[in-house]
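All remarks here apply to the structure that follows.
Here the structure is a predicted model, which is why all the values come from computation and not from measurement. Numbering starts at 1 and runs along the sequence shown.
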Amino acid sequence: IPYGILMALTYTGMGVWAFGFLALTLLLSNLVLRNISLMRRDQEEKLRQSTGLNRITRRINSLRKEQSILQLLYSEVPEFIDTEDMFVAVEDREIGSLRFLTKDTPASNALAHYVWKTGEVLLVRDNVRESKEPLKLLLAKAGINSCLVMPIRSVDRLHGIIGLTSSEVGSFKEEHVSVLLMIAGEAALALENSRLYNDLTDKVSQLERLNKELRQVDRMKSEFLANVSHELRTPLTTIKGYVDYMMREKMGPLTPLQNEGLIIAQRNILRLQRLINDLIDYTRLEFKRPPLSLSASSFDSIWNPVYGEY
């Protein structure tokens, strides 16, 4: 402007019309330069926000713990939106209420539960003009004149609340709502993935524990069968020996009825002995797990021994 005045004084000899034209030209040039400067500043701000949003999105998606995601929100959001104070609350599924990551004040508690109940974004530019009771009184007591409170919501679940507050009127605008909405959307997706990841991890841990218990039970079963088989075979061998000894009439002559009874006893002893041997073979298979060897066999070779035994 001083340069324009100097130029105007230089050309005063050109007349009133020339002076007016020159002054108008300088004013228009000044307005254009000012608008260009504002547009450039606006573009730089949008570029900064876009770059920051990409960065925070990558960082949020890389996290798997709920506490880390909320802590990242608390540290990164003020870089995008100027705010005097901020609070973050998340749903505590065990008690069915909100748990605050930051200090819980009456004003933040009221704002968080209001948005938790309505499920909608709360934008207050001027507390005196826009807020309703009892929020107006609580915000006034806390010295809050404007606020922006956003639900962290996925498709079918409300995960938490993020809120910004300021003592100045008009600190938050619609463009801030758009920025915070994108951040809250990414946070909701990350929190949902965190919940699913934790549930999956718990299920995997539970399955590993059950599998370990099952292997232990299976080992105890195999050991029990091995011990029982050996304990049964020892007295059975003695019984079989005495029956054979009596059938050879080493303990005196036998009547036909006694001989028939010993034959039945011997047959049952042999049957029980085969069952015990099968149990022993089974326990050996359990411990060693050899590969199966399959081969063709006739039905008669399997059926006839069984038929003859029973």
Side-chain angles (χ1 to χ4, degrees), residues 45-105 107-123 147-165 172-214:
E45 179 65 18
K46 289 182 178 180
L47 179 61
R48 184 182 69 86
Q49 289 184 354
S50 178
T51 304
L53 284 173
N54 290 333
R55 185 185 72 253
I56 191 175
T57 296
R58 290 193 301 268
R59 292 188 62 188
I60 287 176
N61 292 330
S62 66
L63 299 176
R64 290 293 179 268
K65 293 183 178 181
E66 178 185 272
Q67 188 71 15
S68 299
I69 296 171
L70 298 176
Q71 190 63 47
L72 178 63
L73 289 177
Y74 187 73
S75 61
E76 291 287 341
V77 169
E79 295 189 10
F80 301 95
I81 305 175
D82 292 332
T83 180
E84 295 178 3
D85 198 6
M86 176 180 174
F87 64 87
V88 178
V90 67
E91 179 194 18
D92 192 328
R93 286 179 288 176
E94 295 182 357
I95 62 177
S97 183
L98 290 175
R99 174 173 53 83
F100 282 79
L101 177 66
T102 55
K103 184 179 179 181
D104 180 13
T105 64
S108 63
N109 190 289
L111 289 171
H113 280 88
Y114 177 84
V115 174
W116 180 264
K117 183 178 180 180
T118 61
E120 299 178 353
V121 178
L122 176 63
L123 173 60
C147 64
L148 173 57
V149 187
M150 178 78 63
I152 304 176
R153 177 191 293 278
S154 57
V155 177
D156 58 349
R157 186 183 183 87
L158 187 60
H159 297 276
I161 305 293
I162 180 172
L164 311 175
T165 61
F172 308 109
K173 304 175 183 178
E174 290 294 339
E175 61 186 44
H176 297 139
V177 175
S178 300
V179 172
L180 194 59
L181 186 62
M182 288 187 287
I183 296 176
E186 294 295 336
L189 181 61
L191 289 172
E192 181 69 16
N193 291 338
S194 173
R195 183 180 66 85
L196 295 175
Y197 177 78
N198 291 333
D199 290 344
L200 180 61
T201 303
D202 293 340
K203 293 295 183 182
V204 170
S205 299
Q206 184 179 4
L207 288 175
E208 289 178 349
R209 178 179 58 82
L210 293 175
N211 190 33
K212 182 178 180 181
E213 293 178 357
L214 183 61

Do other residues, nucleotides or ligands put more than 12 heavy atoms under 6.0 Å from the CZ atom of F100? yes

With a 3.5 Å distance limit and no angle check, can you tell me whether N211 reaches the backbone of L207 through a side-chain donor-acceptor pair? no

Kindly determine whether R209 and K212 satisfy side chain to side chain contact (heavy atoms under 4.5 Å, CB included), including the steps that lead there. CA-CA 5 Å; R209 178 179 58 82; K212 182 178 180 181; 5.7 Å; no

How close do I69 and A187 get, heavy atom to heavy atom, and via which atoms? CG2-O, 4.5 Å

Out of curiosity, I81 CD1 to K173 NZ, how far, rounded to the nearest 0.5 Å? 12.5 Å

Audit row: L196, E192, side chain to side chain contact (heavy atoms under 4.5 Å, CB included) steps and yes/no: CA-CA 6 Å; L196 295 175; E192 181 69 16; 4.2 Å; yes

Where A188 and S154 come nearest, the two heavy atoms and their spacing: CB-N, 3.8 Å

Drop me the distance from H159's NE2 to L189's CG, to the nearest 0.5 angstrom. 8.5 Å

Could you grab the distance from atom CD1 of I161 to atom CG of L122, nearest 0.5 Å is fine? 10.0 Å

Nearest non-hydrogen partners of E91 and W116, listed with the distance: CB-CH2, 3.4 Å

With sequence neighbours excluded, residues passing side-chain hydrogen bond (donor to acceptor under 3.5 Å, both in side chains) with N109: D104, H113

Return the CE to CG distance between M150 and L181, rounded to the nearest 0.5 Å. 5.0 Å

Could you state the interatomic distance from NE2 (H176) to CG (L148), rounded to the nearest 0.5 Å? 8.5 Å

Selection residues 198-208 - residue pairs positive for salt bridge (charged side-chain N to carboxylate O under 4.0 Å, His left out), sequence neighbours left out: R195-D199

Taken to the nearest 0.5 Å, the spacing of I162 CD1 from I183 CD1 works out to 6.5 Å

Could you check V177 against F172 for side chain to side chain contact (heavy atoms under 4.5 Å, CB included), going step by step and ending with a plain yes or no? CA-CA 8 Å; V177 175; F172 308 109; over 6 Å; no

Identify the residue among L111, L164, D85 that makes a side-chain contact (heavy atoms from CB on, under 4.5 Å) with C147. L111

Could you go step by step and tell me if L123 and E174 meet the side chain to side chain contact (heavy atoms under 4.5 Å, CB included) rule? CA-CA 8 Å; L123 173 60; E174 290 294 339; 3.7 Å; yes

Please find the pair of heavy atoms, one from P151 and one from G119, that lie closest to each other, and give the distance. CG-O, 3.8 Å

Do the side chain of S194 and the main chain of A190 share a donor and acceptor less than 3.5 angstrom apart? no

